[in-house]
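This report refers to the structure that appears directly beneath it.
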Amino acid sequence: MATKEVQQHGFQAEVKQLLDIVIHSLYTDSEIFVRELVSNASDALEKARLKQLTENDVYQGDAELKICITTDEENNTLTIQDFGIGMNRDELTENLGTIAHSGTKAFLEQLKEKNGDGGNADVIGQFGVGFYSAFMAADEVEVSTHSWDPAAENLKWTSDGSTGYSIEEIDEQARGCKMVMKLKEDKAEFSKADRVKEILEKYSNFVTFPIELNGERVNKVEALWLKSKSEVTTEQYTEFYKFVAHAYDEPKFTMHFSADAPLAINALLFVPGENQEQFGMGQMEAGVSLYCRKVLIDAKPQKLLPEWLRFLRGVIDSADLPLNISRETMQDTALIQKLNKLITKRFLKFLATQAKNEPEAYMDFYTKFGRFLKEGIATSFEHQEQLAGLIRFESTSTEAGTQTGFAEYIERAADDQEVIYFLTGASRDILSKGPYLEAFKARGIEVALFTDQVDQYVLDSMPEFKGKKLVPADRADIELDDLEAEGEALDASSLAALTGWMQDTLGERVEKVEAGKRLVDSPIAALAPKEAPNAQMMAMMKAMGQEVPTPKVTLEINPRSEVIKNLSSLQQKDNELATLVAQQLTDNALLAAGLLENPQEMVSRMNDLLARVAK
Ligand SMILES: Nc1ncnc2c1ncn2[C@@H]1O[C@H](COP(=O)(O)OP(=O)(O)OP(=O)(O)O)[C@@H](O)[C@H]1O
């Protein structure tokens with residue numbers, strides 16, 4: 001036959017960078033390349049199985065879905081062959097010449113960030129680098145392949161993992177991929193059957209397809225999720241998690257349950273040990289696969305669970321699903337919606353139990369994954385109440401650093417307290433020093449303190465919890481009981497004169513000035529109107545590039561405060577100085593509320609005031 005053309009290609013720059021890391025500095029544990037390649041083979045087989053269900057014409061449609069591994073000590077090679085989906089020419093270039101998948105990209109970014117402090121090991125532990133890991137053990141890798149598509153060519157991809165690769169057409173190739181690793185001299189261990197068997201048993205026991213090593217079956221196919229809980233050990237769960245999630249950490253929580261009604265479900269779900277989004281690696285992809293009686297329907301179904309549960313990993317198997325369901329039509333079926341609702345409820349109930357029975361583990365989970373629950377509150381009305389019960393926060397009734405929940409808040413509150421008070425801000429310390437809490441403290445009313453940037457947004461989308469309205473403690477319209485306050489107050493007529501004068505003096509700066517009962521120690525507080533966004537919300541809107549007009553506040557003055565009393569008499573004697581003091585008090589109140597727009601003006605006024613005092 002005629003000689004076939006060999007195409008030469010260069011690697012994308014990122015691939016070169018990755019290969020360099022993989023080959024020179026990455027793993028001491030080079031054995032993991034076997035797992036990476038077997039897991040790719042298993043993915044390819046799952047894709048082939050789906051093609052067989054959905055396509056009329058699949059190349060070698062009756063090929064057995066299995067992985068065959070061969071060791072050759074004499075030639076120092078290891079061969080991993082699958083009869084999966086294979087690759088055509090474009091796919092070879094795309095998949096084995098560039099880095100398109102998120103896992104590896106994220107890995108490179110993390111590495112870039114951490115470079116310099118020598119702390120690569122912890123980053124590396126969290127990722128797999130997929131196919132390219134073959135070059136940890138091999139000088140040269142050959143991938144011979146035929147795609148599922150009958151019209152595709154028989155191809156061979158070859159590379160030494162340095163600058164590029166070649167692709168040539170070959171005569172015959174079974175469907176799937178056959179990877180031949182020409183092992184490095186010092187990696188000859190991987191051409192030994194016993195060594196490879198040991199690795200396969202360690203990592204690939206749960207692979208759902210048969211794995212044969214030199215013709216002998218090595219893995220036990222275990223659909224762990226179909227077993228009963230009592231038959232499964234913690235180690236098995238952990239290994240299974242690592243396999244399905246391509247993870248390297250230990251699961252934080254494992255939820256294994258089955259139900260017969262209203263749907264037949266077997267689910268095995270894991271909360272990972274770490275939240276990858278916390279490492280700034282962009283949004284995670286959904287990671288719970290959908291099976292029907294052990295047959296994979298979709299590895300990453302988008303609507304099987306709400307988006308805010310994208311951190312979950314694992315398997316949901318429902319015998320009620322039609323087997324030949326296609327990905328496109330599956331997403332919106334009533335059945336998927338039912339599964340979604342049912343499993344979400346069940347999982348939230350599971351979390352509530354964890355919170356009760358294992359509060360420490362729950363808090364650790366909450367610290368890492370709490371943002372997802374908040375996202376749920378803001379986007380998923382249906383589960384809001386359940387989610388709200390899982391939210392944790394500090395409050396004026398907890399020690400600094402100790403968190404509580406809404407249910408406990410209600411338990412502690414007086415029977416006639418109809419609402420839940422809260423305050424949002426940058427930190428507990430800042431909130432405690434502000435003017436808003438003192439009125440509540442004086443009356444023994446608990447205020448929940450929220451200090452995460454997203455909290456205001458989240459709380460705005462949650463009007464109540466168990467029938468109790470959520471009320472921000474810095475709003476002007478809060479009515480608190482009268483309190484017998486200590487200290488002599490300014491008399492009524494002076495007070496009326498003072499508020500009137502301040503109102504005129506401050507003009508447009510404020511909505512109104514009034515004497516209030518809520519202040520105990522502070523002379524003055526700026527209260528936001530009921531409907532206005534508060535300071536935290538405004539900061540968030542500004543960060544998102546939105547125009548946010550500063551709301552006009554109501555100033556509440558404390559008639560028992562020394563400054564206020566002095567201001568009242570000063571105003572009679574020295575209107576100019578009194579005006580400076582009133583303006584300054586206003587700025588102080590706005591500053592405490594996080595609403596001060598123009599601090600420069602305040603500084604020059606302060607200097608004026610100081611000059612007068614220091615005379
Ligand atoms: N045995 C195979 N059969 C078919 N396609 C494969 C095979 N191995 C790899 N590929 C293709 O090459 C792509 C890149 O593989 P690689 O192992 O580098 O990353 P990945 O498996 O997508 O991601 P990761 O390993 O980070 O989870 C795969 O997404 C897949 O499309």
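When a ligand or atom number is given, it counts from 1 through the structure's own listing order. It should be emphasised that the depicted structure is a prediction, and the values quoted were computed from it without experimental measurement.
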For ligand 1, is there an N or O atom under 3.5 Å from any N or O atom of [X]?
X: Y132; answer: no
X: G86; answer: no
X: H246; answer: no

Inset, instruction - Number the atoms of ligand 1 from 1 as they appear, then name those within less than 4.0 Å of a heavy atom of A44, with their elements. - result: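 Once the distances to A44 are compared, the set is 2 (C), 3 (N), 4 (C).
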Legend entry - Distance filter under 4.0 Å to M179 heavy atoms, resulting ligand 1 atoms: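 This gives 1 (N), 8 (N) as the contact atoms.
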Legend entry - Donor-acceptor side-chain pairing of E231 and Q236 below 3.5 angstrom: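 No, because no side-chain N or O of E231 sits under 3.5 Å from a partner of the opposite role on Q236.
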Inset, instruction - Give the contacting part of M87 toward ligand 1: side chain, backbone, both or neither, where contact means a heavy-atom distance below 4.0 Å. - result: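 Looking at M87 and ligand 1, just side chain atoms fall under 4.0 Å.
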Inset, instruction - May I ask you to identify, for D82, whether its side chain, its backbone, both or neither come under 4.0 Å of ligand 1 on a heavy-atom basis? - result: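 The part of D82 near ligand 1 is the side chain, not the backbone.
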Inset, instruction - With sequence neighbours left out, write down each residue that passes ring-ring contact (aromatic ring centres under 6.0 Å, His included) with F365, or none if nothing qualifies. - result: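 F365: ring-ring contact (aromatic ring centres under 6.0 Å, His included) contacts with F253, Y362, F369.
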Legend entry - Test side chain to side chain donor-acceptor pair (under 3.5 Å) applied to Q283 and E307, Q276, E277, the passing residue: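 Testing Q283 for a side chain to side chain donor-acceptor pair (under 3.5 Å) against E307, Q276, E277 leaves exactly one candidate, E307.
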Legend entry - K182 and E142 ion-paired at < 4.0 Å: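 Yes, charged N to carboxylate O under 4.0 Å.
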Legend entry - Verdict with reasoning, F257 to F350, per ring pair (Phe, Tyr, Trp, His ring centres under 6.0 Å): CA-CA 10 Å; F257 81 93; F350 165 84; 9.4 Å; no
Legend entry - Non-neighbouring partners of K229 that pass salt bridge (Lys or Arg N to Asp or Glu O under 4.0 Å), sequence neighbours left out: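 If we apply the salt bridge (Lys or Arg N to Asp or Glu O under 4.0 Å) test to K229, skipping adjacent residues, there are no hits.
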